[in-house]
Enquirer: 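The structure follows.
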Protein chains: 2
Amino acid sequence: MKSYRQYCALARALDVVGDRWTLLVVRELAVGPRRYGELLDGLPGIATNLLADRLRSLERGGVVTRAGDRYRLTDRGRALEPVLDELLRWGIPLMVTGRGDDEFRAHWLHGAVRTVLRDVRLERPVVVEVHVPGGGVRVEATADGVRTGDPGAGAPPDATLRGPPDAVLAVLAGFAALDERADVEVAGSLAALRRLLRARGRPGSSATAEAEPAGPPNRA
Amino acid sequence: MKSYRQYCALARALDVVGDRWTLLVVRELAVGPRRYGELLDGLPGIATNLLADRLRSLERGGVVTRAGDRYRLTDRGRALEPVLDELLRWGIPLMVTGRGDDEFRAHWLHGAVRTVLRDVRLERPVVVEVHVPGGGVRVEATADGVRTGDPGAGAPPDATLRGPPDAVLAVLAGFAALDERADVEVAGSLAALRRLLRARGRPGSSATAEAEPAGPPNRA
DNA sequence: CTGCATCCGCTTCGATACTG
DNA sequence: CAGTATCGAAGCGGATGCAG
């Protein structure tokens with residue numbers, strides 16, 4: 001990337017991670033070390049030469065390191081997590097328009113779920129599993145906060161949510177009530193699920209009550 | 001921008017603010033409403049047609065609105081502040097290499113100072129003013145946290161820091177000790193300034209103790 | 001087969017010139 | 001002052017080639 005040549009921390013950060021695709025590459029590596037082919041699969045739409053370019057650039061920037069045939073984040077790369085989280089959070093309202101014909105990978109759900117439930121605290125713990133075609137997320141909400149992981153680990157969940165990605169996300173993010181989405185199937189304790197949902201913030205979450213153009217935020 | 005067409009909150013966020021220059025435009029408007037010419041001056045290096053493009057795109061995205069000849073952020077645009085803050089924070093270590101021949105605007109210092117002193121709490125309040133050629137920042141640190149503003153407002157500060165941008169930033173960010181930077185001039189209570197500096201975190205702040213390439217993070 | 005590099009049409013960027 | 005028009009250069013995206 002061409003440097004902005006501005007003595008500003010934001011501009012210098014963007015000199016490193018501001019290129020097209022770059023933060024999405026970091027998103028993929030934030031899950032864990034990945035091989036080139038796995039990255040390609042997790043980044044539908046990227047050209048193979050661009051992925052190679054971005055990986056080299058991130059290596060130069062000290063964000064990514066290569067061990068054999070695996071790429072992984074450095075400490076400096078892991079320090080980008082708060083950035084990803086805030087961008088993710090800001091992007092959640094943009095999911096209300098549904099999936100359309102966008103690509104989808106089950107592991108992308110982890111971040112969305114973590115973000116949506118970020119401030120949840122529950123005195124009486126709840127474990128909920130979210131299942132979508134191709135994978136899912138296990139959510140453990142306690143008094144200390146929410147931890148996410150892969151489904152199937154540990155004891156059986158109190159409740160299970162199953163459906164297409166935009167449907168389960170609509171319910172989790174509060175775009176729609178449970179009974180408004182007939183394409184979401186609930187198994188186990190409905191009461192436990194309701195407790196989790198009641199503990200989260202309101203719809204758009206961050207003050208999107210606007211005098212401006214009202215309605216869901218625009219895309220592109 | 002061409003959409004990533006991924007049903008992922010991060011990708012959708014980047015569809016709106018991922019373009020080159022876009023977040024820097026938001027940075028400028030985060031200070032307050034600005035006119036076209038003021039934006040051009042705050043974004044050295046941008047081409048005028050690109051600024052016009054970005055402003056239109058941000059308007060479509062619901063981030064910016066236009067009132068007469070002023071552009072300003074919508075609520076949705078102001079919701080980007082945590083994103084800017086985290087990116088800024090991540091970028092601070094990249095400032096250690098000094099200014100070089102990068103452009104500089106005094107109002108960029110506000111964000112850097114806020115970020116560097118983000119977690120500072122002081123039972124006995126301190127007011128410090130930082131002066132650089134063309135402007136400066138007033139810092140009021142109390143038990144509730146740090147507030148920044150323009151110099152000259154309110155009572156005279158306890159201490160004043162003056163010097164070139166990279167010098168005062170090095171001292172504030174902890175890249176260098178006060179007596180290591182002869183180009184930084186201190187007026188007023190040295191003790192008050194020291195109390196403020198002691199209250200802040202360590203150098204790179206966020207765990208940059210790395211087994212990897214050591215030394216300051218690379219740019220570009 | 002994986003992990004890229006090369007080529008090519010197209011879009012975007014960046015610099016300057018120009019207009020209401 | 002606030003943009004639009006233009007044009008060469010650089011970057012992107014898709015396909016294909018090729019080495020280990």
Side-chain angles (χ1 to χ4, degrees), chain A residues 1-6 8 11 14-29 32-61 64-72 101-103 219-220, chain B residues 1-6 8 10-12 14-29 32-61 63-72 101-103 105 219-220:
Chain A
M1 142 164 295
K2 190 171 156 52
S3 168
Y4 288 109
R5 312 217 123 262
Q6 296 184 358
C8 159
L14 291 174
D15 280 345
V16 179
V17 297
D19 259 336
R20 185 162 169 80
W21 290 107
T22 301
L23 279 178
L24 297 184
V25 173
V26 176
R27 170 194 75 189
E28 291 301 309
L29 291 173
R34 289 284 179 272
R35 297 190 315 187
Y36 192 86
E38 298 174 313
L39 289 174
L40 269 184
D41 182 69
L43 295 162
I46 199 174
T48 85
N49 57 341
L50 279 194
L51 177 55
D53 274 359
R54 294 302 178 265
L55 286 169
R56 269 192 298 266
S57 167
L58 284 169
E59 239 178 306
R60 281 204 321 270
V64 163
T65 191
R66 198 180 166 163
D69 58 351
R70 297 282 163 114
Y71 294 92
R72 63 181 182 81
D101 55 356
D102 287 2
E103 289 279 352
R219 290 185 57 188
Chain B
M1 140 165 295
K2 190 173 158 49
S3 168
Y4 288 108
R5 312 218 122 264
Q6 296 184 358
C8 159
L10 178 63
R12 290 209 168 173
L14 292 173
D15 280 346
V16 179
V17 297
D19 259 334
R20 187 162 167 78
W21 289 108
T22 301
L23 279 177
L24 296 183
V25 173
V26 175
R27 169 194 75 190
E28 291 302 307
L29 291 173
R34 288 285 179 272
R35 296 189 316 191
Y36 193 86
E38 298 173 313
L39 289 173
L40 268 184
D41 183 68
L43 295 162
I46 199 174
T48 84
N49 58 341
L50 278 195
L51 177 55
D53 275 0
R54 294 300 178 265
L55 287 170
R56 269 191 297 264
S57 166
L58 284 169
E59 239 177 308
R60 280 205 321 270
V63 174
V64 163
T65 190
R66 199 180 164 164
D69 58 349
R70 298 283 162 110
Y71 295 91
R72 63 181 182 82
D101 55 357
D102 287 0
E103 288 280 351
R105 298 292 181 274
R219 288 186 56 189

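So you know, we letter chains A, B, ... as the sequences are listed, proteins then strands, and number each from 1.
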Enquirer: Within the side chain of A:Gln6, is there an N or O that forms a donor-acceptor pair under 3.5 Å with the backbone of B:Pro44?
Expert: yes
Enquirer: Using modelled atom types only, decide if a donor and an acceptor are shared between the side chain of B:Tyr4 and the backbone of A:Trp21 within a distance under 3.5 Å.
Expert: yes
Enquirer: Hey, which of B:Leu24, B:Leu39, B:Leu58, B:Thr65 is the one that makes side chain to side chain contact (heavy atoms under 4.5 Å, CB included) with B:Leu29?
Expert: B:Leu39
Enquirer: Counting only side-chain heavy atoms from C-beta out, which of D:dT4, D:dA2, D:dC12 sits nearest to B:Thr48?
Expert: D:dT4
Enquirer: Strictly below 4.0 Å: does B:Arg35 bring a side-chain N or O up to OP1 or OP2 of D:dA2?
Expert: yes
Enquirer: Atom CG of B:Asp69 to atom P of D:dC1: distance rounded to whole Å?
Expert: 12 Å
Enquirer: Of all nucleotides in DNA chain C that come within under 4.0 Å of a heavy atom of chain B, which is furthest toward the 5' end and which toward the 3' end?
Expert: C:dC13 to C:dA15
Enquirer: Check whether any side-chain N or O of B:Arg105 sits under 3.5 Å from a backbone N or O of B:Asp41 as a donor-acceptor pair, and report yes or no.
Expert: yes
Enquirer: Mind telling me whether A:Tyr36 and A:Tyr71 have parallel, tilted or perpendicular rings, with 30° and 60° as the class edges?
Expert: tilted
Enquirer: Rounded to whole angstroms, how far apart are CG on B:Asp53 and P on D:dA2?
Expert: 18 Å
Enquirer: Starting from C1' on D:dG11, measure out to CG on B:Asp19 and report it in whole angstrom.
Expert: 13 Å
Enquirer: Could you tell me how far apart A:Leu43 (CG) and D:dG13 (C1') are, to the nearest whole angstrom?
Expert: 14 Å
Enquirer: Closest-nucleotide mapping onto DNA chain D: is A:Lys2 or B:Asn49 further toward the 5' terminus? I mean the 5' end.
Expert: B:Asn49
Enquirer: To the nearest Å, give me how far apart CD (B:Glu38) and P (D:dG3) are.
Expert: 12 Å
Enquirer: Does a nitrogen or oxygen in the side chain of A:Arg54 sit under 4.0 Å from OP1 or OP2 of D:dC12?
Expert: yes
Enquirer: Examine D:dT4: is either OP1 or OP2 under 4.0 Å from a nitrogen or oxygen in the side chain of B:Tyr36? Give yes or no.
Expert: no
Enquirer: Can you tell me the distance, in whole Å, between the CG atom of A:Leu40 and the P atom of D:dA15?
Expert: 14 Å
Enquirer: Can you tell me if the side-chain N/O atoms of B:Arg56 get under 4.0 Å from OP1 or OP2 in D:dG3?
Expert: no
Enquirer: Whole angstroms only, please: what is the CD-C1' distance between B:Glu59 and D:dG3?
Expert: 13 Å
Enquirer: Determine: side-chain N/O of B:Arg66 to OP1/OP2 of D:dG3, distance under 4.0 Å, yes or no.
Expert: yes
Enquirer: Is a side-chain N or O of B:Arg27 found less than 3.5 angstrom from the main chain of A:Ala11, in a donor-acceptor match?
Expert: no
Enquirer: Short question: side chain of B:Arg20, backbone of A:Lys2 - any donor-acceptor pair under 3.5 Å?
Expert: yes
Enquirer: Between D:dC12, D:dG13, D:dA2, spot the one nearest the side chain of A:Trp21, thanks.
Expert: D:dG13
